[in-house]
There are 2 protein chains.
Amino acid sequence: MESEELRNVGLKVTSPRLKILSLLENAKAKHMTAETIYRQLGESGEVIGLATVYRALAQFEAAGLITRHQFEGGQTVFELERGPHHDHIVCVRCGRVEEFYDKVIEDRQREIAENLGFTLSDHALTLYGECSGGTCPAKNG
Amino acid sequence: MESEELRNVGLKVTSPRLKILSLLENAKAKHMTAETIYRQLGESGEVIGLATVYRALAQFEAAGLITRHQFEGGQTVFELERGPHHDHIVCVRCGRVEEFYDKVIEDRQREIAENLGFTLSDHALTLYGECSGGTCPAKNG
DNA sequence: CTTGCACATGAGAATCATTATCATGTAGCA
DNA sequence: TGCTACATGATAATGATTCTCATGTGCAAG
């Protein structure tokens with residue numbers, strides 16, 4: 001139940017929060033902007049203030065429920081935090097986002113940070129390219 | 001001479017462009033925001049419209065003279081394009097930016113993109129951490 | 001089951017970075 | 001030297017995100 005997820009992280013269980021969380025869990029697109037969430041909720045008759053959407057997303061992120069990504073050029077997208085860590089590759093033509101995980105890279109990152117005298121706390125790796133013709137609908141999906 | 005750099009990429013040689021380019025080449029900080037460039041020029045008595053700064057930076061980027069980076073949370077920073085490709089590690093405490101290059105990671109990125117059916121055109125790898133106590137002035141510099 | 005109060009919400013204003021507009025100025029070629 | 005396409009600067013406009021504030025509500029205590 002989503003209510004528990006909220007309680008577990010110390011957030012009051014409210015209708016807007018439940019709806020946003022629920023949308024994130026059931027949406028077809030795994031990466032959504034605040035605006036998209038706002039619009040999709042509106043279309044389903046669940047009208048929630050845009051400010052509330054931003055607030056809820058910020059709280060969810062602080063609580064570790066979701067992750068925020070800032071791909072180049074575009075807006076900030078949010079993604080439900082489930083499953084193991086991964087990075088992203090974005091098609092510059094159609095906007096499609098794929099995920100991947102690579103142990104070699106992960107390990108190297110830690111080593112590099114250490115060598116430079118940093119304590120690694122986070123990283124952002126995003127690849128940009130074009131997905132192969134057949135697959136690429138040349139239109140966001 | 002900076003004038004040649006401009007001519008070489010097909011841009012008219014104008015005073016504002018020369019000043020911006022010159023600042024980028026001589027500034028102590030290697031990564032600067034449009035706002036910073038605007039302010040530093042103003043302080044040196046070289047008053048240039050903010051819009052012009054943004055325009056010039058966009059043109060320099062299109063011409064390959066500089067590179068644009070979008071680190072998390074902060075604004076967009078620009079960096080003179082000289083020397084080989086590299087990635088960045090940013091101190092989340094003091095904002096210091098170090099650069100690094102790692103062949104292992106570069107190679108893996110290409111492989112990963114291929115495996116996923118993408119033609120890699122670009123990538124953004126930024127590590128976030130805290131630089132070691134002694135070195136970290138805990139204040140941007 | 002009521003009550004109180006800290007916290008949540010929504011509408012719209014405010015902010016921040018960035019881009020567009022438009023009247024005027026100028027680099028650079030004929 | 002003069003023309004013309006392009007550049008500039010002041011300012012308005014935009015788009016994303018955050019703040020404000022009056023009002024509403026989850027939920028723990030009684």
Side-chain angles (χ1 to χ4, degrees), chain A residues 1-23 31-42 44-63 65-78 95, chain B residues 1-23 31-42 44-63 65-78 95:
Chain A
M1 206 48 164
E2 285 107 20
S3 350
E4 291 182 38
E5 298 184 52
L6 290 176
R7 253 188 286 274
N8 288 342
V9 298
L11 289 174
K12 276 188 187 170
V13 179
T14 69
S15 165
R17 286 179 186 159
L18 284 173
K19 286 169 187 161
I20 293 169
L21 198 49
S22 171
L23 176 61
H31 303 83
M32 312 183 75
T33 67
E35 186 70 27
T36 305
I37 292 170
Y38 170 72
R39 240 179 314 103
Q40 291 203 9
L41 285 173
S44 339
E46 313 286 19
V47 179
I48 292 179
L50 183 54
T52 301
V53 173
Y54 274 105
R55 262 185 306 235
L57 289 172
Q59 290 161 330
F60 292 175
E61 189 200 6
L65 293 179
I66 64 177
T67 307
R68 175 194 302 257
H69 301 293
Q70 187 148 42
F71 301 142
E72 274 181 23
Q75 298 155 244
T76 302
V77 298
F78 297 86
Chain B
M1 206 49 163
E2 283 105 21
S3 352
E4 291 182 37
E5 299 184 50
L6 289 176
R7 253 187 289 272
N8 289 342
V9 298
L11 289 173
K12 277 188 186 171
V13 179
T14 69
S15 166
R17 286 179 186 160
L18 285 173
K19 286 170 188 160
I20 293 170
L21 198 49
S22 172
L23 177 61
H31 302 85
M32 313 184 75
T33 67
E35 186 71 27
T36 305
I37 292 170
Y38 169 72
R39 240 179 314 105
Q40 291 202 11
L41 285 172
S44 338
E46 313 286 20
V47 178
I48 292 179
L50 183 53
T52 302
V53 174
Y54 274 103
R55 263 184 305 236
L57 289 172
Q59 290 162 328
F60 293 176
E61 189 201 6
L65 293 179
I66 64 177
T67 307
R68 175 193 303 257
H69 301 292
Q70 187 147 44
F71 300 142
E72 274 182 25
Q75 301 153 245
T76 302
V77 298
F78 297 86

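To find a chain, count down the sequence lines: A is the first, B the second, and so on, and within it residues start at 1.
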Distance (rounded to the nearest 0.5 Å) between A:L21 CG and A:E5 CD: 5.0 Å
Would you give the length of the straight line joining atom CZ of B:F71 to atom OG1 of B:T33, rounded to the nearest 0.5 angstrom? 12.0 Å
Any chance you could measure A:Y54, atom OH, to A:E35, atom CD, to the nearest 0.5 Å? 6.0 Å
Between A:L6 and A:F60, does the side-chain contact (heavy atoms from CB on, under 4.5 Å) criterion hold? Intermediate values first, please. CA-CA 9 Å; A:L6 290 176; A:F60 292 175; 3.6 Å; yes
Chi angles and distances behind the side-chain contact (heavy atoms from CB on, under 4.5 Å) call for B:L57, B:T76: CA-CA 11 Å; B:L57 289 172; B:T76 302; over 6 Å; no
Picking from C:dG10, D:dG9, D:dA7, the nucleotide nearest the side-chain atoms of A:P16 would be C:dG10
Rounded distance [0.5 Å steps], CZ in A:R39 versus CG in A:L50: 10.5 Å
Taking atom P of C:dG25 as reference, at what distance in whole Å does atom CZ of B:R17 sit? 18 Å
Length of the CG-P vector between A:L6 and C:dA8, whole Å: 11 Å
Below 4.0 Å: OP1/OP2 of D:dA16 and any side-chain N or O of A:T76: no
Heavy-atom protein contacts under 4.0 Å, nucleotides 18-28 of chain D, coded B base, S sugar-phosphate only, - none: BBB-----BS-
Any residue of residues 31-40 of chain A with a heavy atom less than 4.0 Å from an atom of DNA chain D: none
Expressed as a whole number of angstroms, how long is the span from A:Q70:CD to C:dT18:P? 11 Å
Send over the distance from A:L57 CG to D:dA16 P, rounded to a whole Å. 15 Å
Take the protein atom CD of B:E46 and the nucleotide atom C1' of D:dG9, then report the distance between them rounded to whole Å. 16 Å
Do B:R17 and B:I20 come close enough that some side-chain heavy atom pair is under 4.5 Å? no
Measure the spacing between OG of B:S3 and CG of B:N8 and express it to the nearest 0.5 Å. 10.0 Å
